[in-house]
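As structure tokens, the structure follows; a few thoughts come after it.
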Amino acid sequence: MTDSILVINCGSSSIKFALYPVSNPKQPLITALAERLGEQAPLLKIRGELNHTVSLPANADHQAALECFTEHSQPWLEQLQGIGHRVVHGGERYHASTLLDETSIQALDDLSALAPLHNPVNVLGIRLTQTIWPQLPQVAVFDTAFHQTIPAAAYLYGVPYDWYEQDGVRRYGFHGTSYRFVTTEAARRLNKAQSDCYFVIAHLGNGCSACAVAHGESVDSSMGLTPLEGLVMGTRSGDIDPGLIEHMQRSRGYSLADSMDALNRQSGLKGLSKLSNDMRTLLQAEAEGDLAAKRAIDVFCFRVARQFAALSASLPTIDAVIFTGGIGENSAMIRQRIIAAWKFIQFRLDDTLNQQHGDDMGRISQRGAPLVMVVATDEEAMIAQDTLELIQHD
Ligand code: AMP
């Protein structure tokens with residue numbers, strides 16, 4: 001068996017695993033997904049060198065899922081060299097990935113106030129793997145780190161300044177690991193130094209955001225203090241007027257918790273369509289004449305175009321508009337509608353290339369027209385590479 005690096009992405013009811021050989025931290029040996037944890041019928045699906053689907057006992061938790069994964073992948077874990085964790089919020093403290101020790105784990109726990117849905121479960125994943133492999137180095141890779149180059153004019157809200165000073169209220173931006181991967185990959189394909197690259201990138205998946213990249217660094221992002229701001233997402237509203245929370249309290253007697261739940265879990269594509277948070281389902285329904293699905297998709301696409309235009313304020317030029325994430329990588333229809341909605345720039349997509357999700361370099365625009373690309377993201381590979389780099393220099 002070969003030396004390997006394990007990547008762990010712990011969500012509220014799921015864990016994603018990816019095991020990479022140290023010799024090639026781009027191509028995983030094994031990937032696995034434990035889902036529906038804490039529910040009636042949790043499942044662990046292992047793919048790659050192993051092909052296994054295991055039913056976990058009802059209400060099985062993160063620990064049970066991790067133990068089950070470890071048991072089934074045992075031979076591949078014998079020469080494990082280190083573990084990389086996705087951590088959603090690194091606050092202003094972490095500008096880059098970091099080796100974990102007791103002090104930094106405590107710091108991540110303290111950041112839970114800024115990401116109550118994410119950081120506690122990320123820390124749980126770190127603690128659980130520490131118990132199983134106490135001797136192995138562990139690394140945290142942050143969704144926020146890439147955005148720490150955003151200037152104050154873009155990250156401050158127009159609220160009392162002491163909210164920032166005392167409570168950390170500012171825009172942080174998320175999906176940073178994805179944007180870092182896509183920026184590096186797009187620069188490579190364009191044969192340019194990253195320091196010469198100017199991009200607007202949309203990461204469109206279940207969560208959606210967009211980012212402006214200047215000289216290879218993030219200079220603005222659509223997401224803010226939490227991953228609720230910005231684009232319309234699967235179930236999240238994106239930008240709203242905060243006054244609507246007071247309005248819903250008056251008109252329906254909603255508590256703060258009711259409104260926050262609705263904005264995080266019942267809004268976005270799901271809320272607008274009254275049908276689904278899943279873009280494939282909505283495109284299918286729209287094709288069959290469902291006007292509510294069309295309404296949701298129209299709002300989604302317009303909001304991305306508007307966000308692109310807003311982000312372009314930070315850039316002297318745009319080398320490429322880039323799509324990534326499950327929707328961005330796979331839906332020619334959504335890309336075409338977003339580009340059509342951004343009327344200020346005369347984009348011309350090549351329909352054939354768009355249908356094929358890009359040529360060799362990911363281009364979907366016509367030659368000579370402003371460049372539009374599709375670049376598949378790979379956050380797990382980025383985490384594996386950061387982990388390897390940090391443990392080799394330790
Ligand atoms: P992610 O969170 O990156 O896995 O993306 C999930 C989203 O991508 C869901 O809304 C899926 O419906 C959407 N998606 C995946 N494949 C396609 C496709 N071929 N066409 C449209 N949407 C897709």
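No hydrogens, no waters, no symmetry mates; every other heavy atom, side chains included, goes into these values. Positions are given from 1, in the same order as the sequence printed here. As the structure is a computational prediction, the values presented were derived from the model and not from experiment. Note that ligands are numbered from 1 as they come in the structure, with each ligand's atoms numbered from 1 the same way.
Among all non-hydrogen protein atoms, the one lying nearest atom 12 (O) of ligand 1 is Asp278 OD1, 2.6 Å. Protein heavy atom in closest approach to atom 3 (O) of ligand 1: Gly326 N, 2.9 Å. Protein heavy atom closest to atom 7 (C) of ligand 1, with residue, atom name and distance, is Ile327 CG1, 3.7 Å. Looking at atom 6 (C) of ligand 1, its nearest protein heavy atom turns out to be Asn206 N, 3.8 Å.
Donor-acceptor pairing under 3.5 Å is lacking for the side chains of Arg171 and His147. A donor and an acceptor atom, one from each side chain of Ser209 and His203, are nowhere located under 3.5 Å apart. Residues Glu288 and Gln284 have side chains that bring a donor and an acceptor to within less than 3.5 angstrom of each other. Judged purely by distance below 3.5 Å, without hydrogens or angles, the side chains of Glu78 and Gln74 never pair a donor atom with an acceptor atom.
For ligand 1, one of its N or O atoms has an N or O atom of Met279 under 3.5 Å away.
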Check: residues 310-325 side-chain donor-acceptor pairs under 3.5 Å, at least two apart:
residue: Ser312; atom: OG; partner: Ala309; partner atom: O; Å: 2.6
residue: Asp319; atom: OD1; partner: Lys192; partner atom: NZ; Å: 3.2
residue: Asp319; atom: OD2; partner: Lys192; partner atom: NZ; Å: 3.2
residue: Asp319; atom: OD2; partner: Tyr198; partner atom: N; Å: 2.8
residue: Thr324; atom: OG1; partner: Glu329; partner atom: OE2; Å: 3.1
residue: Thr324; atom: OG1; partner: Val375; partner atom: O; Å: 2.7
residue: Thr324; atom: OG1; partner: Thr377; partner atom: N; Å: 3.1

Kindly list each side-chain donor-acceptor pair under 3.5 angstrom involving residues 341-352, sequence neighbours excluded, with atom names and distances?
residue: Lys343; atom: NZ; partner: Ala340; partner atom: O; Å: 3.4
residue: Gln346; atom: NE2; partner: Lys343; partner atom: O; Å: 3.4
residue: Arg348; atom: NH1; partner: Gln366; partner atom: OE1; Å: 3.2
residue: Asp350; atom: OD1; partner: Thr352; partner atom: N; Å: 3.0
residue: Asp350; atom: OD1; partner: Leu353; partner atom: N; Å: 3.0

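Close contacts of ligand 1 with Ser331, meaning ligand atoms under 4.0 Å from a residue heavy atom, involve 20 (N), 21 (C). When each atom of ligand 1 is checked for a heavy atom of Leu283 under 4.0 Å away, the hits are 21 (C).
Among His203, His175, Arg280, Glu329, the residue whose heavy atom sits closest to atom 20 (N) of ligand 1 is Arg280.
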